[in-house]
Undergrad: 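The following block contains the structure, expressed as structure tokens.
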Amino acid sequence: MVDAETEVPRKTDLPTRKIGGSVVRIKNLALVIGTRPQILKSVPIIHAASRSKRIRLSVIHTGQHYDYEMSRVFFSEFNLPKPSFNLRVGPGTHVKQIADIMCRLERHLHEMRPDWVLVPGDTNSALAAGLAASKLGFAVAHIEAGARSYDMSMPEEVNRRLLDHLSGLLFAPTATCAKNLVLEGIPRSRTIRSGDTMFDLFQKYRHKMLSSDIVERQGLANSRYVFVTVHRQSNIETRKALADIARAILDVKEVMFVMPVHPHTRARMEEFGIYRKLSSANNIKLTGPLGYFETIRLITSARLVMTDSGGLQKEAFWAGTPCVTLRDTTEWTETIECGANTLTGVDGNRMVAAIRRSLSCQPRIGWKSSLFGNGQAARKIIATLEKR
Ligand code: UD1
């Protein structure tokens, strides 16, 4: 778990700085993160803010993700400073998680009096932070605004819609996301098309994946393999969905699968007797959650990515690896339009057919990573916040 400091923070004592002969007020920003994807989306923001003379950024970790592999590993991979505070909210129902984060955040926001509360992504931590800030009268800036699956049964869709509507500034990663916001009546003046901070990260650090020997360690150097992840609530809450995914994997015997298992997924797989079945199969290797460089190395060398994650669909696209998405909808429709991604839900026949079709074709041409910006999204976000 990320170390916590329990004392109440001091009030801002550095409100101005002399820059080029004039006195400039330093902007006080609070960045609230809590989960694996939010930490990754924030790495370029933290780095860009540390280079700004006009901004002081404090990071608050909600503690929604608390295992080493789900949180601290990324702080060490990217050499991030420890968060100023950890709210240690831990596991719980969605309602409890959101309520606990709001209550614990309140005192910190009161003390910090931030000019902006920055919230990346669509998790419970994101919604809780946005709601708390807005109720206390602090301005909210949403990073990765406008992503829509139009599936309100996804907790993340509810979170991001609410968050977009209460935010004063919306940083949209793609043109589609910006358009979605217009269609919902959000004034254009609030939306900035920034590009995707996850693409910044991918571009900047892609070469570092070569420092990972995960492909060799997994014995996959000379194998065709599929990289699989599953953690969406709809795919793990019932035995049927998880069992259908497992059966599809076991059916496609002609290729290896490698699956880093989310702690939540592992608990359900064990409960349903699926973990033992998969771990004794010859065509799948199960691991715990992986670091960023290991993940990107595995994606890049894979023949196919099979996932229900939002972020991995994009990372597969940027790496030039085809993707089969185990959902009926996606926020990242650009990847579908380019032919890089196929939606199969968890229907057995569709999954198996899409896996076999993807393995037999060579699609790595014409995928436009530039749809997600130019790798400078964080710089643009920080520059915007300096001025506002
Ligand atoms: C959350 C996000 C999802 C994001 C995902 C990335 C919400 C609604 N969902 O889902 O958008 O894509 O994170 O992983 O916010 N657990 C551990 N160790 C950890 C973290 C979680 O064991 O470090 C267990 C907890 O016991 C918890 C369960 O996993 O009960 C679910 O965790 P939670 O953070 O609620 O949701 P995720 O499924 O991780």
Side-chain angles (χ1 to χ4, degrees), residues 1-4 32-43 61-76 83 86-102 105 119-132 142-145 147-149 151-164 196 198 228-238 241-242 259-271 275 287-292 295 305 307-316 325-327 329-332:
M1 188 183 287
V2 178
D3 286 344
V32 186
I33 55 178
T35 63
R36 175 169 66 177
Q38 288 182 293
I39 299 167
L40 291 171
K41 290 180 219 296
S42 299
V43 173
H61 194 309
T62 66
Q64 180 177 342
H65 284 176
Y66 47 87
D67 286 342
Y68 174 82
E69 301 94 337
M70 299 294 286
S71 172
R72 211 168 46 189
V73 62
F74 306 110
F75 284 79
S76 72
N86 189 314
L87 308 179
R88 294 185 186 276
V89 68
T93 64
H94 287 232
V95 170
K96 182 169 179 339
Q97 216 166 39
I98 291 167
D100 282 352
I101 294 169
M102 288 181 71
L105 197 54
V119 183
D122 56 15
T123 63
N124 288 339
S125 291
L127 175 63
L131 262 179
H142 186 204
I143 298 166
E144 203 182 79
R148 294 289 183 271
S149 64
D151 173 3
M152 287 296 274
S153 68
M154 278 179 80
E156 293 83 357
E157 180 75 3
V158 175
N159 292 346
R160 56 192 167 224
R161 281 192 187 220
L162 295 174
L163 203 44
D164 282 340
D196 193 320
M198 284 183 75
V228 193
T229 74
V230 180
H231 77 272
R232 246 346 19 102
Q233 186 169 297
S234 57
N235 284 345
I236 64 172
E237 286 310 321
T238 64
L242 263 181
M259 179 176 187
V261 187
H262 187 290
H264 200 186
T265 309
R266 177 162 182 160
R268 295 286 84 75
M269 282 165 79
E270 283 176 352
E271 182 186 331
Y275 194 83
T287 75
L290 300 172
Y292 182 75
T295 304
V305 168
T307 189
D308 59 8
S309 151
L312 274 170
Q313 293 172 55
K314 295 187 284 183
E315 285 160 342
T325 296
L326 307 173
R327 289 167 45 188
T329 57
T330 180
E331 308 77 52
W332 310 112

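When a ligand or atom number is given, it counts from 1 through the structure's own listing order.
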Undergrad: Of all the heavy-atom pairs spanning G311 and M198, show the shortest one and how long it is.
TA: CA-CE, 3.8 Å
Undergrad: Please name the residue in the list D164, N124, T123, D122 that meets the side-chain hydrogen bond (donor to acceptor under 3.5 Å, both in side chains) test with N159.
TA: N124
Undergrad: Any chance you could measure Q64, atom CD, to M70, atom CE, to the nearest 0.5 Å?
TA: 9.0 Å
Undergrad: Return yes if a side-chain donor-acceptor contact under 3.5 Å exists between Y66 and R88, otherwise no.
TA: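 No, because no side-chain N or O of Y66 sits under 3.5 Å from a partner of the opposite role on R88.
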Undergrad: Non-hydrogen atoms closer than 4.0 Å to ligand 1: which protein residues do they belong to? List them by chain and number, please.
TA: R36, P37, Q64, H65, Y66, D67, M70, P91, H94, Q97, D122, T123, N124, E156, H231, R232, H262, P263, H264
Undergrad: So, T307 versus T229: side-chain donor-acceptor pair below 3.5 Å or not?
TA: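 The answer is yes; a qualifying pair exists.
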Undergrad: Indicate the ring-plane relationship of H262 and H231, choosing parallel, tilted or perpendicular according to the 30° and 60° boundaries.
TA: parallel
